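Please read the structure below before turning to the comments.
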Amino acid sequence: MIIAIDGTAGSGKGTLSKRLSKKLNLPYLDTGILYRKVAFELFKKEKKTTFNFDKDTIKLMIEIIKSNNFVNIKKNDFLRDDKIGLLASEIGKVKTIRTHLNSMQIKFVNDSVVLKKGCILDGRDIGTIILPNADIKFFITASPEVRAKRMLKEKVNANLQPHEQKCMFNKYLFKINERDDNDFNRKISPLKKAIDAFEIDTSDLTPKEVEEIAINKIYKKKT
Ligand code: C5P
C-alpha cells in the first residue's frame with residue numbers, strides 16, 4: 001500500500017507517518033529532510049541563509065545533491081533548526097532542485113514497493129505531484145496557534161517566565177505563518193490538498209487519536 005501524507009509545518013504529519021510506518025510495517029520517507037539537507041549543506045558552504053538563487057547557487061546545490069548521501073538522513077538539531085527550515089522552503093521554490101529531489105523520492109518508492117509492497121511519504125506535494133495515484137492520501141492541518149504552542153513545547157525549556165514564553169510563542173507563530181505563506185503560495189508544487197485526500201485537523205487531537213482516524217480510513221479503503 002502506498003500512502004501519501006501532506007500538510008503544514010508542525011501539523012503532526014511526521015508524527016502520524018512514523019506511527020503508521022510502525023503499525024503497518026512500511027518504509028517511511030520524510031521528504032522535507034531532503035530539502036533541509038540541501039539547505040544545511042548550502043549554509044555550511046556559504047555561511048548565510050539568504051540567497052537569490054542565481055545560476056551559480058543552483059549549480060552549487062546540484063553539486064551538493066550529487067556529492068552527499070541523501071539516504072537514511074537522520075534529522076539532527078542542525079537540520080531541525082528554524083533558519084534551515086525556512087531556507088529549505090526557499091529552496092523548494094527552485095524547479096531544478098525539485099526535479100532532482102523528486103527523482104530520489106520516486107526511487108525510494110520503487111525500491112520500497114519491491115521490498116515491502118509499499119511505503120509512506122510525507123511532504124507538501126506528495127498527493128498532488130509525487131504520488132498522484134497513491135492508494136490513500138491524507139492532508140494534515142492544525143491551527144497556527146496550536147502549531148506554535150507545539151513548537152514552543154518541543155524547543156523551549158520549561159523554566160521561562162510567562163512573558164518570555166509569550167514572546168517565544170509570538171516568534172514561533174510568526175515563523176509558522178511565514179513558512180505557510182511560502183509553502184501555499186509558491187508557483188511550483190505549492191502545498192495543496194489533493195482532491196481525493198482525507199483532511200485531518202489535529203488541533204484538538206492526540207497523536208494516538210490521529211493515528212486511529214487514519215487507520216480506520218486505511219482499513220475502510222482496503223475492504
Ligand atoms: O517538512 P519540513 O518542515 O521539514 O520541510 C521543510 C521545507 O521543505 C518545507 O517548508 C517545504 O517548503 C519544503 N518541502 C517541499 N516539498 C516537500 C517537502 C518539503 O517543498 N515534499
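For ligands, and for the atoms within them, numbers begin at 1 and follow the listed sequence. Count residues from 1 along the sequence. Quick caveat: nothing in here was measured; it's all calculated off a predicted structure. Reckoned from all heavy atoms, side chains included, excluding hydrogens, waters and symmetry mates.
Any N or O atom pair closer than 3.5 Å counts here, and Asp122 shares no such pair with ligand 1.
Residues Arg147 and Asp180 are paired through a salt bridge, judged by an N-O separation under 4.0 Å between the basic side chain and the carboxylate. Lys208 has a carboxylate O that lies under 4.0 Å from a charged side-chain N of Glu212, or vice versa, which qualifies the two as a salt bridge.
Nearest to atom 5 (O) of ligand 1 by heavy atom, out of Gly32, Gly92, Pro190, is Gly32. Residue nearest to atom 16 (N) of ligand 1, selected from Arg36, Arg98, Arg80, Lys93: Arg98 (by heavy-atom distance).
The ligand atoms of ligand 1 that sit less than 4.0 angstrom from a heavy atom of Thr31 are 17 (C), 18 (C), 21 (N). With ligand atoms numbered from 1 in the order given, ligand 1 contributes 18 (C), 21 (N) to contacts under 4.0 Å with heavy atoms of Gly123. Ligand 1 places these atoms under 4.0 Å from at least one heavy atom of Lys13: 1 (O).
When each of Lys192, Gln105, Arg98 is tested with Asp125 by the rule side-chain hydrogen bond (donor to acceptor under 3.5 Å, both in side chains), just one qualifies, namely Arg98.
In this structure, the protein non-hydrogen atom closest to atom 6 (C) of ligand 1 is Arg179 NH1, 3.6 Å. For atom 1 (O) of ligand 1, the closest non-hydrogen atom of the protein is Arg124 NH1, 2.9 Å. Of the protein's non-hydrogen atoms, Asp183 OD1, 2.6 Å is the one closest to atom 12 (O) of ligand 1. Given atom 14 (N) of ligand 1, the protein heavy atom at minimum distance is Tyr35 CD1, 3.7 Å.
To the nearest 0.5 Å, atoms CG (Leu16) and OG1 (Thr202) are separated by 9.5 Å. Taking CD1 from Ile120 and CZ from Phe138, the interatomic distance works out to 9.5 Å, rounded to the nearest 0.5 Å. For the atom pair CG of Leu121 and CG of Leu26, the computed distance is 11.0 Å after rounding to the nearest 0.5 Å. Atom OG1 of Thr31 sits about 9.5 Å away from atom CG of Leu131, to the nearest 0.5 Å.
Looking only at distances, no side-chain donor or acceptor of Glu46 sits under 3.5 Å from a matching main-chain atom of Phe43.
Residue Asp125 places a heavy atom less than 4.0 Å from ligand 1. Close to ligand 1: Arg186, with a non-hydrogen atom less than 4.0 angstrom away.
Closest approach of Asp135 to Lys221, counting heavy atoms only: O-CE, 3.2 Å.
Contacts of Ala9 with ligand 1, taken as heavy-atom pairs under 4.0 Å, are absent altogether.
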